[in-house]
Protein chains: 2
Amino acid sequence: MGRPRGFDIDQALERAMRVFWARGYEGASLAELTGAMGITKTSMYAAFGNKEQLFRKALQRYGAGPAAYVTRALEEPTARAVALAFLRGAVRTTTPPGGPSGCLTVQGALASSDESRAVHDLLVDWRNDAGVRLEGRFRRAVNEGDLPRNADPRRLARFIMTMGFGIAVQAANGLVPAELDEVVDTALLGWPA
Amino acid sequence: MGRPRGFDIDQALERAMRVFWARGYEGASLAELTGAMGITKTSMYAAFGNKEQLFRKALQRYGAGPAAYVTRALEEPTARAVALAFLRGAVRTTTPPGGPSGCLTVQGALASSDESRAVHDLLVDWRNDAGVRLEGRFRRAVNEGDLPRNADPRRLARFIMTMGFGIAVQAANGLVPAELDEVVDTALLGWPA
DNA sequence: ACGGTTCTGCACCGAACGGTACTTAAGTAA
DNA sequence: TTACTTAAGTACCGTTCGGTGCAGAACCGT
């Protein structure tokens, strides 16, 4: 009951996510956010709480949408296929034809003032969590004999995550998908047989 | 002639650099900058011009100081030694015992609002320039027979740069030097003989 | 038609932002 | 000592920041 919401909350969140993606958490002002969302500040506060909670919801949406390749990659049958799918996914997501370059979780708040330490730490956890999941998948691969017994799952996961982050920066630098795919191929040359 | 400056301009710039390094360009406020520099805003404007020019000077100092490993690495005798020195240097610089984690040129302004687009572009150029120099060094290595004739210098340079950027993000994520050195070793497993 | 509930738009809040005018202090050269 | 030059400190500029109070508008069940 009550007056119905006059805008599509999903579409508004999607647009907010893109602004955060392009500008980072602190670089995205409420004026630009609500402008892109097509609503007033009052409506944003009523629907999402405040700027930080809007970012948290946008990050959730990012994880379920553009960054879903992380979860999908883990389901590949072999460790090598996982690594390849992960990095190819990173390339695709960080170079969307019509969207912002780079990765929301990297450029969201790599460095920031003290007031947004909470968001900074949230993103650190997000990034580290992806590494932990990758490590678990590689550990399984060792147990399954898919990776050599002497392979170090944590080390491999950290390497792949490092490549993923590097790809995000290179995408923000203007590299195109074809160039980044070459980088991925080069990175996997030393992958354990 | 005139009243002499009451502070060490080099030391003030060094401190400003560290604030930019930790906070990013937009995240570093004039209040925090001048506080760390130990001077007032008036003195800062008289000595450096404005915030953007202060950042440009800080970036210069960063290139000549913490990031000097880039130039030093290029002087190594072989392509492999160059790559190794570059990445080891990135690890050391992004994990200083008493200083901010990460790389100033990466977290300075990866994403930002429109007003600091100039700084954003400056950093994009800075990062790309490092890649170009690396590419030139690898091209020389091919000519010298140090790298196989079919090696692609641009591709190798992009790969090493990607690793460097990834290391910067991982450092900001809290990884310690020993862990990052392992990542470097893993990355070089597929390096052309 | 009604009260109850929720959303919207406008005006506004105090604080912090980058940047500056102006006065005073501290030095040099004559 | 005086005139000149430059730095330092204070108090302030207009703007933007994230965030709200309040009145009215749009829906519900009765």
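Small disclaimer: the values here were computed from a predicted structure and weren't measured. Numbered from 1 within each chain, the chains take letters A, B, ... in sequence-line order.
Distance, B:Glu115 CD to C:dC17 C1': 10 Å, rounded to whole Å. Atom CE of B:Met44 is separated from atom C1' of D:dA8 by 14 Å (rounded to the nearest Å). If you measure from atom OH of B:Tyr45 to atom P of C:dA21, you get 12 Å, rounded to the nearest angstrom. The interatomic distance linking A:Leu54 (CG) with D:dG18 (P) rounds to 11 Å, in whole Å. In this structure, the CZ atom of A:Phe48 is 17 Å from the C1' atom of D:dG18, given to the nearest Å. Taking atom CG of residue B:Asn50 and atom P of nucleotide C:dT20, one finds them 8 Å apart after rounding to whole Å.
For residues 9-39 of chain B, proximity to DNA chain D is found at no residue, defined as any non-hydrogen atom under 4.0 angstrom from a strand atom.
To the nearest 0.5 Å, atom OG1 of residue B:Thr95 and atom CD of residue B:Gln170 are 12.0 Å apart. Atoms CE and OG1, on A:Met163 and A:Thr186 in that order, are 8.0 Å from each other to the nearest 0.5 Å.
Remark: B:Arg117 CZ is loosely packed, at most 12 non-hydrogen atoms of other residues, nucleotides or ligands lying under 6.0 Å away. For B:Arg139, the CZ atom counts as densely surrounded, since its 6.0 Å shell holds more than 12 non-hydrogen atoms of other residues, nucleotides or ligands. Crowding of A:Arg61 atom CZ: a count of heavy atoms from other residues, nucleotides or ligands under 6.0 Å exceeding 12.
Relative orientation of the B:Phe55 and B:Phe20 rings is perpendicular, given thresholds of 30° and 60° on the angle between their planes.
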Grab the N/O contacts between the protein and nucleotides 21-30 of chain D below 3.5 Å, and write none if there aren't any.
unit_1: D:dA25; atom_1: N3; unit_2: A:Arg3; atom_2: NH1; d: 3.2

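When the side-chain nitrogen and oxygen atoms of B:Lys41 are compared with OP1 and OP2 of C:dG19, none of them lie within a distance under 4.0 Å. For C:dC7, the OP1/OP2 oxygens have no side-chain nitrogen or oxygen of A:Ser43 closer than 4.0 Å.
The side-chain hydrogen bond (donor to acceptor under 3.5 Å, both in side chains) check on B:Gln60 picks up nothing, with sequence neighbours excluded.
Along DNA chain D, the nucleotide closest to A:Glu52 and the one closest to B:Thr40 are compared, and the more 5′ of them pairs with B:Thr40.
A salt bridge is absent between A:Lys57 and A:Asp10; no separation between the charged side-chain nitrogens and carboxylate oxygens falls under 4.0 Å.
Side chain to side chain, B:Glu26 and B:Ser112 fail the donor-acceptor criterion of an N or O pair below 3.5 Å.
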